[in-house]
Number of protein chains: 4
Amino acid sequence: MKSNKPKYNQIIEAAVKVIAENGYHGSQVSKIAKAAGVADGTIYLYFKNKEDILVTVFKEKMGQFIEEIALATSMQENAEKKLFTLIDLHIRQLEKNHDLAIVTQLELRQSNYTLRRQINAVLKPYLTMIDVIIGEGIETKQFREDINVPLMRQMIFGTLDEIVTNWVMKEHKYNLVDQVPQIHALLIHGLRS
Amino acid sequence: MKSNKPKYNQIIEAAVKVIAENGYHGSQVSKIAKAAGVADGTIYLYFKNKEDILVTVFKEKMGQFIEEIALATSMQENAEKKLFTLIDLHIRQLEKNHDLAIVTQLELRQSNYTLRRQINAVLKPYLTMIDVIIGEGIETKQFREDINVPLMRQMIFGTLDEIVTNWVMKEHKYNLVDQVPQIHALLIHGLRS
Amino acid sequence: MKSNKPKYNQIIEAAVKVIAENGYHGSQVSKIAKAAGVADGTIYLYFKNKEDILVTVFKEKMGQFIEEIALATSMQENAEKKLFTLIDLHIRQLEKNHDLAIVTQLELRQSNYTLRRQINAVLKPYLTMIDVIIGEGIETKQFREDINVPLMRQMIFGTLDEIVTNWVMKEHKYNLVDQVPQIHALLIHGLRS
Amino acid sequence: MKSNKPKYNQIIEAAVKVIAENGYHGSQVSKIAKAAGVADGTIYLYFKNKEDILVTVFKEKMGQFIEEIALATSMQENAEKKLFTLIDLHIRQLEKNHDLAIVTQLELRQSNYTLRRQINAVLKPYLTMIDVIIGEGIETKQFREDINVPLMRQMIFGTLDEIVTNWVMKEHKYNLVDQVPQIHALLIHGLRS
DNA sequence: AATGAATGAGTCTTCATTCAT
DNA sequence: AATGAATGAAGACTCATTCAT
């Protein structure tokens, strides 16, 4: 696929790099074009408009992100382990890819409302995946019966998102993967002693 | 106090309203001025520039927000109850003020890096307050000894933030305060049955 | 006179200072008001508008300038000596007063066409004075009969103006008065050996 | 050459015309663009900013102006004739081109300090050319040995500049070229009978 | 398919001037 | 006479998008 549409991929990779380096508002179409080694006009042969580049960046990158997590969790035998795997890969993947983390945690959020809705749509399957894991945990009695699934999913996603965002804003100065067991424990056991 | 600087307050209130209605990028200075019933130039007698309006809106509103929570939690006798109060008021205050919720959860995040850092600075005391409550819980053995305080704080704040943001993006279609006890329970007990 | 209209004079002196220090375009009415120790509005009790301040500055200062030259030349016995005195005082007065020189040679020329015409009107008597001296020289046969008076006046004024402007632009780094005899000689004898 | 950069030249020609007609402060970028028959934004493909248009106008026009004088004087056999040619062409070229004369003598001087310095840099070779002619005259004993070259140059340039400026301010109501022999005579012989 | 020159809509900010006190 | 808070008009510049080549 990559070899079929080389410019398309060039542009997406350039966009991630340019946005991570220059910020959302400093990433003009002409700058992305230059980084991709194509003419400004060429961008519009592959993308409807600037917003479309950004949405596509998110779709492609998050698509891989989600797929990898989906695959890995499916190979775990129970909900608790699946949750651990999800946390681990969520954090591991973003920690591995600084540029992408900057783009997803900071820059893309500076977009307008329309783009935000599209980004949420891309995230939908991921959130559903979390819902399914929680549901499975409840069914198998690993998790409490009275758990409100959407609420618990917001807790899980909100926690992970906040943790990664903090790490990005602190300029990746500390190690994230090491905290995975603690995060998992907090989500499973809560605060109570 | 309000009567001393009427224009100042007019402008801040207008800014919240205009941003909530038109979004961050649709909120021209002239639109805010018009909504405040002052001339464009008057804005610049009270604010250094457009960004300064936004920072100030956040400072003033979050200042009250945080203060109210600080006061209420201080009157609770133990960490668990303090946490409940914090969750309750965090959600209650934003649910009560739709416009403010839109501004803090969605619009202000579309700002540039500089503004983001200033917003974080304003939030700092709130985050510290959470840290202190967790610390108190650990000392009094209400919470587990091995809890990583910053991590737990990110979990609490991330959860609340995600919950309110979801509610705003779903256009406030459901009741939030009702979920407070469940949120509290999840944070205290976690998923484990 | 000064004691009768203290604010009036305060404003004029402040204007010269502020313009010399901040340049024409950096000299807002409010800055002049502040330097003069009066309120912005007070300016408009004494001057019709901003342009009026500038014209008045020029009128007052150039009035003194011209008067002093008129007095001194009138005490010289012949045209050649009068010309020497005129050159000497023209240069001496501006060299003595750096701020005024900056204002007259550089800053006030950045004004618009209307102001320029008014400035020219103020200069008129000075130019006429030069004309009269040349005429006297011709009558007394000190100067050639076939001299075109306006042309010669333009030569004299143009020369002096250019010399002072160059000196101001070179930031007053050299001594001007020392050159007076040479200037006089050049105007009297020309280039020819 | 013109056909290679048509827009560039269109903009420069339009700028001279617009500034001559509307004055420096009345020449908005949009007005120049309209007169040049291009979009506002096109200006910025060829010029860094508004000031850059003005500096370029001066550079291009004065470049030609100076070159023509350099060529013509070089073909004269001695310093006195070279000086005559310089005076003649200085005045002839500006008299021929009313718009340019207005721009160089009046409007461009309303510019700020930065622009003024750049304009002076453009004039530098012209002033040097005058210096060289004077030096040559001294060497060949046409001119007096004791002449202060910079001073004499300021006298020549100041005289020409003042004469042209007066003519522009009098709205070109009289003939300038006719005065060339008189100007030359005054510079060569001075006032003395 | 690819180019890149050209377009032109859109906005924050300054500052001379006014006028109620 | 004096104040100074309030006014609001005015303009340079950017950048997403188009289209002739």
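Keep in mind it's a predicted model, so treat the numbers as computed, not measured. Letters go in sequence order (proteins before strands), and every chain restarts at 1.
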Fill in the blank from the handout: side-chain hydrogen bond (donor to acceptor under 3.5 Å, both in side chains) pairs touching residues 97-109 of chain C, sequence neighbours excluded, are C/Q105-C/D161, C/Q105-C/T165, C/E107-C/Q110, C/R109-C/D161
Exercise for the section: Dot-bracket notation for DNA chain E is requested: 5' to 3', Watson-Crick or G-U wobble pairs only, both distances under 3.5 Å, with ( ), [ ], | and . as defined. Expected result: .||||||||||||||||||||
Exercise for the section: List in numerical order all residues of residues 32-40 of chain C for which some heavy atom is under 4.0 Å away from an atom belonging to DNA chain E. Expected result: none
Exercise for the section: Under 4.0 Å from any atom of DNA chain E, heavy atoms only: list the residues of residues 42-61 of chain B that qualify, in numerical order. Expected result: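 When residues 42-61 of chain B is checked for heavy atoms under 4.0 Å from DNA chain E, the hits, listed by number, are B/Y44, B/N49, B/K50.
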Exercise for the section: Return the minimal non-hydrogen interatomic distance between B/V103 and B/A20, and the atom names on each side. Expected result: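 Reported closest heavy-atom pair: CG2-N, 3.9 Å.
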Fill in the blank from the handout: On a heavy-atom basis, the closest approach of C/G23 and C/S27 is O-OG, 2.6 Å
Handout entry: Pairs where residues 42-54 of chain B contributes a residue and the test salt bridge (Lys or Arg N to Asp or Glu O under 4.0 Å) is met, not counting sequence neighbours
Key =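 Listed once each, the pairs would be none.
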Exercise for the section: Could you note down all residue pairs passing salt bridge (Lys or Arg N to Asp or Glu O under 4.0 Å) where residues 18-41 of chain A supplies at least one of them, sequence neighbours left out? Expected result: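 Every salt bridge (Lys or Arg N to Asp or Glu O under 4.0 Å) pair that includes a residue of residues 18-41 of chain A, provided the two are not neighbours, is A/K17-A/E21.
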Exercise for the section: Kindly check if the number of other-residue, nucleotide or ligand heavy atoms within 6.0 Å of CD (B/E67) is above 12? Expected result: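 For B/E67, atom CD is not crowded (no more than 12 foreign heavy atoms under 6.0 Å).
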Problem - Where at least one partner belongs to residues 11-32 of chain D, residue pairs that pass ring-ring contact (aromatic ring centres under 6.0 Å, His included), sequence neighbours excluded - result: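 Qualifying pairs, neighbours excluded: C/H25-D/H25.
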Problem - ring-ring contact (aromatic ring centres under 6.0 Å, His included) partners for A/F65, two or more places apart - result: A/H90, A/Y126
Practice task
Name all residues meeting the ring-ring contact (aromatic ring centres under 6.0 Å, His included) criterion together with A/Y8; count only those two or more places apart in sequence or in a different chain, and write none if there are none.
Solution key: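 Per chain and number, A/Y8 pairs via ring-ring contact (aromatic ring centres under 6.0 Å, His included) with A/F47.
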Practice task
Find which nucleotide of DNA chain F each of A/V29 and D/Q28 is nearest to by heavy atoms, and output the residue with the more 5' nucleotide.
Solution key: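 First, find each residue's nearest nucleotide; the 5'-ward one identifies D/Q28.
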Problem - Terminal contacting nucleotides, 5' and 3', DNA chain E versus chain B (heavy atom, 4.0 Å) - result: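 Counting from the 5' end, contacts occupy E/dT11 to E/dT14.
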Problem - With B/A36 via side-chain contact (heavy atoms from CB on, under 4.5 Å) - residues at least two apart - result: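 By the side-chain contact (heavy atoms from CB on, under 4.5 Å) rule, B/A36 matches B/Q10, B/I11, B/A14, B/V38.
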Practice task
Answer yes or no: is there a side-chain heavy-atom contact under 4.5 Å between A/L54 and A/I19?
Solution key: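 Counting from C-beta outward, A/L54 and A/I19 do come under 4.5 Å.
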Exercise for the section: Taking side chain to side chain donor-acceptor pair (under 3.5 Å) as the test, write out the residues that go with A/Q118, two or more places apart. Expected result: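 So A/Q118 forms no side chain to side chain donor-acceptor pair (under 3.5 Å) with any residue.
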